[in-house]
Amino acid sequence: MSLDLRKEKGISLSDQKFDWKDLVRLPISKLNDDAFTRVRVILLNGIEADALRFKHICGRMNKELRPHLAKIRRVEHFQQTMVNWLLPPDQSPLETTIGYEQVAIEVTASVAQHEPNPYLAQVYRFGLLEDFDHMYRYSALMDRVEGKDPNNILQNYTDVIPGRPTAVEHRDPQDDLRDHYDRTNAHPLSKLHAVTIMSAEYQTHDYYMNIGPTFADPVARQLYAEIAAIEEQHVTQYESLSDPTESWLEKWLLHEATECYNYLSCASYESNPRIKSIWERFLDYEIGHIRYVSELFSKIERRDPAEVIPDSLPEPIKFESHRDFIRETLKNEVDLRTSGTQFIHKDQETPDSPSVIYRNQLNSKGIPSEIVADGYQWRPGTELKVYPKAA
Amino acid sequence: MKKKSNEIGMNRTGNASSPVDSKKMLENVDPNVSTAPRIEKSRISAVRTAYSENAAPVGSVPPPASVKGAITTGAQMLTGKNPAVFINKLGERLAFERTGTRLYQAVISRYDVLKATPGFPKLADLKKIHGDELAHFQMLWDSLVELGADPTVVTPGADLAGVESTGLLQVITDPRTRGAECLHSLLVAELADHDGWEMLIDLARSLGHDTLAGRFEKALQQEEMHLSSVRNWMTTIINNEAAA
């Protein structure tokens, strides 16, 4: 499924309307829908949340753009509402957390494999192994605190084993910065990837910051505090991939293209027809946004939008298990660390490396991710299940 | 109303629904390794203990709003070494009865759909229980006032009863839940309610509040009827569905 952005008309902004019943639909089924339907709901909520975040900050800095930003932002607020309200009420915050980490693992794995820039691909693989470890830690929490199996949410698509240990993911802020792509010669897909993963990680950070205090158990409260800190680092990392010399309008146009790309990807893979029709409708809405912003771009910056957004959208994000790629990445890169914007082997860290000093301080009175997962090994159902000893 | 909850369908949570991928998951599992920690010696236990040792309670019971007023009305006087215990438990029952009333209202508000479940109770039966719960709430409110306590206070027991009840309301107000599922939620509420009244009666008697204990015993008799009704409805529905 490819899309020529210049030919598609989409739905014009004036025809993008909602009512409360339209917005608040029956949710997906935690038990019956495919895990990737949940992944897509969470991802698109993150994309829309960032669409709002960007437009608010942009509005603070650009008086001339404010009326236009307000108009599109209102529609995107409602898009986010309809998307996020698809999550079901029987899905606990911890179960939703497992869903968030599945997004971070499987979507980032797809992006890492299709990213044309080798350095950026390395950044995605690096972050992927950290979210992969978060899944293992939250799974231990789920089994040991809620008495539930995380695989009921994952549906066997994603392994539950340790990644780069969360305990060593704590880094000095300077070691979370990365080099950015060059807006003048970067492949369009690199730009779409950067906005996509940054958005997903930003919402993950915000989600953990909101639900962390809703847990009674101090073990859970500590674990959310610890992993939220890594998500903040990941936002720092992924945010620094975008070229800071892009103009506000250029970034806006790029964001709309990213939204199109994500809805197109989700519509391409969606197995639930009721949900697919939402992705298709919002793809048409996003095309309408691109047309609107393209006109602004031409008028205000006197530049051709084709300089910024591709004529056609690339191959969709692959919503499928990337188990083999992840296992291979884990085997080869689990011992990577960072020094500034560069990747190093853990042996190259010294006791006076800024990140070593930083993490030793944070971890000095116990490490929540180690405490909760002490000796944990996922097995079907629960670690409590005892099997007959093998002969 | 579409399907029943206990019909065969595409539930994807189990391993059998993904035979290929579930085998790959098992590549990470060593069945000879038992990982579950002895909980009393676990690091999880150490964290919970350390926090618990330093934690203040969730809250406290305020002093009676008008002890003098309570004495002059001559209705009841707070007795016992620690009257806060009685106030706390009265507040808890008050909160539970108020939420219980809302639980039945939620079921009644969905009655046109829920009644499709064969064996689901008559509307009049649900309204009768709803009326009882509301009357219990009113009676507890008045009792607290007679004791000079403030019935609008959230006591610690009331607060935690609210936390406990959260899941019950979630089940009953979920548009996807069916008759037997809602009745199960009511059953959990009625079981806790029943024992709550028994304990409150014992406490009232031990503190010499015989007038209050007499009122509470009437409430308990009604709660016993509620419990047995809900239990019977649920059993009937489940048996009906299994036989259908």
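Side chains included, hydrogens not; waters and symmetry mates left out as well; all remaining heavy atoms used. Order of the sequence lines fixes the chain letters, A, B, ..., with proteins taken first and strands second; residue numbering starts at 1 for each chain.
Counting non-hydrogen atoms of other residues, nucleotides and ligands closer than 6.0 Å to NE2 of B/His130 gives a total above 12. Within 6.0 Å of CD on B/Glu27 lie more than 12 heavy atoms contributed by other residues, nucleotides or ligands.
Residue contact with chain B, scored on non-hydrogen atoms closer than 4.5 Å, is absent for A/Lys385. In this structure, the portions of B/Lys24 lying under 4.5 Å from any heavy atom of chain A include both its backbone and its side chain. When heavy atoms are compared at a cutoff of 4.5 Å, A/Asp149 does not approach chain B at all. The part of A/Gln222 that comes within reach of chain B is its side chain, from C-beta onward, which places non-hydrogen atoms under 4.5 angstrom from that chain. Interface remark: A/Arg323 contributes side-chain atoms only to the contact with chain B (heavy atom separation under 4.5 Å). A/Arg327 touches chain B through its side chain: at least one heavy atom from C-beta onward sits under 4.5 Å away, while N, CA, C and O do not.
Within the structure, every pair that satisfies the salt bridge (Lys or Arg N to Asp or Glu O under 4.0 Å) test and touches residues 87-96 of chain B, not counting sequence neighbours, is listed here: B/Lys89-B/Glu92, B/Arg93-B/Asp193. Within the structure, side-chain hydrogen bond (donor to acceptor under 3.5 Å, both in side chains) contacts touching residues 19-28 of chain A (residues at least two apart or in different chains) are A/Asp22-A/Arg25, A/Asp22-A/Arg281.
Under a 3.5 Å cut-off, the side chain of B/Arg12 and the backbone N or O of A/Asn32 do form a donor-acceptor pair. Using a distance-only test at 3.5 Å, with no hydrogens or angles considered, a donor-acceptor pair links the side chain of A/Gln377 to the main chain of B/Asp30.
At least one side-chain heavy atom of B/Arg176 sits less than 4.5 Å from a side-chain heavy atom of A/Pro88. You'll find the side chain of B/Arg48 reaches within 4.5 Å of the side chain of A/Asp217, heavy atoms only. Counting only heavy atoms from C-beta outward, the side chains of B/Ser42 and A/Arg144 never approach each other to under 4.5 Å. Contact annotation: the side chain of B/Asn28 never approaches that of A/Trp378 to less than 4.5 Å [non-hydrogen atoms, C-beta and beyond].
Within residues 157-168 of chain A, the residues approaching chain B closer than 4.5 Å by heavy atoms are, in numerical order, A/Tyr157, A/Thr158, A/Asp159, A/Val160, A/Ile161.
Nearest heavy atom pair, residue B/Asn11 against residue A/Leu31, reads OD1-O, 3.5 Å. The shortest non-hydrogen separation linking A/Asp374 to B/Arg43 is OD2-CD, 3.0 Å.
Ranked by heavy-atom pairs under 4.5 Å with chain B, the first of A/Val145, A/Asp33, A/Asp143, A/Leu26 is A/Asp33.
Considering OG1 of B/Thr13 and CG of A/Asn151, their distance stands at 9.5 Å, rounded to 0.5 Å.
B/Ser18 and A/Asn156 are linked by a side-chain donor-acceptor pair at a separation below 3.5 angstrom, with hydrogens and angles left out of the test.
Listed by chain and number, the residues in a side chain to side chain contact (heavy atoms under 4.5 Å, CB included) with A/Asn210 amount to none (sequence neighbours excluded).
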